[in-house]
*Asks:* 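Provided herewith is a single structure, encoded as structure tokens, for subsequent inquiry.
Throughout, residue positions are numbered sequentially from 1 according to the sequence presented.
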Amino acid sequence: MAKPPIVFVLNGPNLNMLGLRQPKVYGRTTLADVEALCRRRAEELGLAVDFRQTNHEGELVGWIQEARKAAAGIVINAGAYTHTSVAILDALYSAEKPVIEVHVSNVFRRESFRHHSYVSPASTGVIVGCGPLGYALALEALADQIRGARRKAR
Ligand code: DQA
């Protein structure tokens, strides 16, 4: 049997605080719960997940660069770097992979500085405001896009 495609699920700053930070905004689900949800859904979809979190912008850039060779696609919640990081935008462009951007909260109902994303222009899809379920939806979209890319390559 062919090996399942590897997808990177990358989380940026403060997402390690999920479950504790601003529960009215982000809920009570922890990042460990999100990881377990991703692993369950990925298995159903025939994907293998490499799940990571960092509070450092450069580390996130390095992981996106790594994905160019090591991953079939990327799910990314870049946290606050979404709204500030041209470096992450450039890295995503050079990855040349399907990318699904995820936000747990509905950033469009929040402060206006959260309405702009440097991740979106390099993303093939965006899922916002669906809570932790957004990660599972992102994996489903990514699986579909990876299958589509493979069909085209044949
Ligand atoms: C977030 C939204 C960002 O604006 C914020 O800085 C985060 C989390 C979300 O998942 O809703 O850290 O990406």
Side-chain angles (χ1 to χ4, degrees), residues 1-16 18-19 26-27 29-54 56-83 85-109 114-154:
M1 265 228 314
K3 277 198 188 152
I6 296 173
V7 299
F8 282 11
V9 181
L10 304 180
N11 295 279
N14 298 305
L15 288 159
N16 55 316
L18 272 185
Y26 296 111
T29 304
T30 66
L31 194 63
D33 297 332
V34 172
E35 179 172 357
L37 170 72
C38 286
R39 292 198 183 286
R40 272 200 308 276
R41 191 69 189 111
E43 202 183 329
E44 290 162 3
L45 292 163
L47 299 172
V49 157
D50 190 332
F51 191 96
R52 306 181 190 184
Q53 188 275 332
T54 180
H56 302 278
E57 184 176 12
E59 191 160 32
L60 209 45
V61 168
W63 288 346
I64 296 165
Q65 290 177 0
E66 186 186 334
R68 185 185 161 89
K69 268 205 160 175
I74 301 169
V75 171
I76 183 164
N77 183 349
Y81 291 141
T82 304
H83 317 299
S85 180
V86 177
I88 287 172
L89 172 66
D90 286 347
L92 288 169
Y93 275 142
S94 57
E96 295 179 355
K97 301 286 170 184
V99 175
I100 310 291
E101 175 183 3
V102 174
H103 298 287
V104 174
S105 66
N106 182 354
V107 286
F108 298 105
R109 288 182 74 168
R114 294 184 204 274
H115 299 179
H116 178 263
S117 166
Y118 282 103
V119 172
S120 297
S123 297
T124 44
V126 181
I127 295 172
V128 163
C130 298
L133 174 68
Y135 285 82
L137 299 174
L139 285 170
E140 190 171 340
L142 200 56
D144 186 60
Q145 292 177 11
I146 291 168
R147 271 195 302 272
R150 291 191 170 192
R151 261 197 303 274
K152 267 200 201 148
R154 264 193 247 126

*Asks:* Answer yes when Glu44 and Arg40 have at least one side-chain N-carboxylate O distance shorter than 4.0 Å, and no when they do not.
*Replies:* no

*Asks:* Does Phe8 have Arg52 sitting over its ring (NZ/CZ under 6.0 Å from centre, angle to axis within 45°)?
*Replies:* yes

*Asks:* How close do Val49 and Ala42 get, counting heavy atoms only, and between which atoms?
*Replies:* CG2-CB, 3.3 Å

*Asks:* Looking only at non-hydrogen atoms, find the nearest pair between Glu57 and Ala87 and report the distance.
*Replies:* OE2-CB, 4.0 Å

*Asks:* Do you know which of Val75, Leu142, Ile64, Leu92 makes side chain to side chain contact (heavy atoms under 4.5 Å, CB included) with Val99?
*Replies:* Leu92

*Asks:* If you measure from CD1 on Ile127 to CG on Asn77, what distance do you get to the nearest 0.5 Å?
*Replies:* 11.5 Å

*Asks:* Evaluate the side-chain proximity of Leu15 to Val34: yes if any heavy-atom separation is below 4.5 Å, no if none is.
*Replies:* no

*Asks:* Under 6.0 Å from the CG atom of Leu133, do we count more than 12 heavy atoms belonging to anything else shown?
*Replies:* yes

*Asks:* List the atom of Leu37, the atom of Pro132, and the distance in Å for their closest heavy-atom pair.
*Replies:* CD2-O, 3.4 Å

*Asks:* Report yes or no: do Ser117 and Glu101 form a side-chain donor-acceptor pair below 3.5 Å?
*Replies:* yes

*Asks:* Answer whether the closest heavy-atom distance between the side chains of Val61 and Ile88 falls below 4.5 Å.
*Replies:* yes

*Asks:* Would you call Leu31 and Phe51 a side-chain contact if the rule is heavy atoms closer than 4.5 Å?
*Replies:* yes

*Asks:* Looking only at heavy atoms, what is the nearest atom pair of Val128 and Val126, with distance?
*Replies:* CG2-CG1, 3.6 Å

*Asks:* Indicate the atoms forming the closest heavy-atom contact of Pro98 with Ala72, along with that distance.
*Replies:* CD-O, 3.4 Å

*Asks:* Tell me, do Pro5 and Leu47 make a side-chain contact under 4.5 Å, heavy atoms counted?
*Replies:* yes

*Asks:* Nearest 0.5 Å, please: how far is CG in Leu137 from CD1 in Ile100?
*Replies:* 10.5 Å

*Asks:* Taking C-beta and beyond as the side chain, do Val104 and Thr29 meet within less than 4.5 Å on heavy atoms?
*Replies:* no

*Asks:* Could you please spell out the steps behind the side chain to side chain contact (heavy atoms under 4.5 Å, CB included) verdict for Val9 and Leu139?
*Replies:* CA-CA 9 Å; Val9 181; Leu139 285 170; 4.2 Å; yes

*Asks:* So how far is it from Lys97 NZ to Thr124 OG1, rounded to the nearest 0.5 Å?
*Replies:* 12.0 Å

*Asks:* Looking at side-chain heavy atoms only, is the closest gap between Asn11 and Tyr135 below 4.5 Å?
*Replies:* yes

*Asks:* Is there side-chain contact between Ser105 and Arg114, with heavy atoms separated by less than 4.5 Å?
*Replies:* no

*Asks:* Roughly how far, to the nearest 0.5 Å, is CD of Glu66 from CG of Asp50?
*Replies:* 7.0 Å

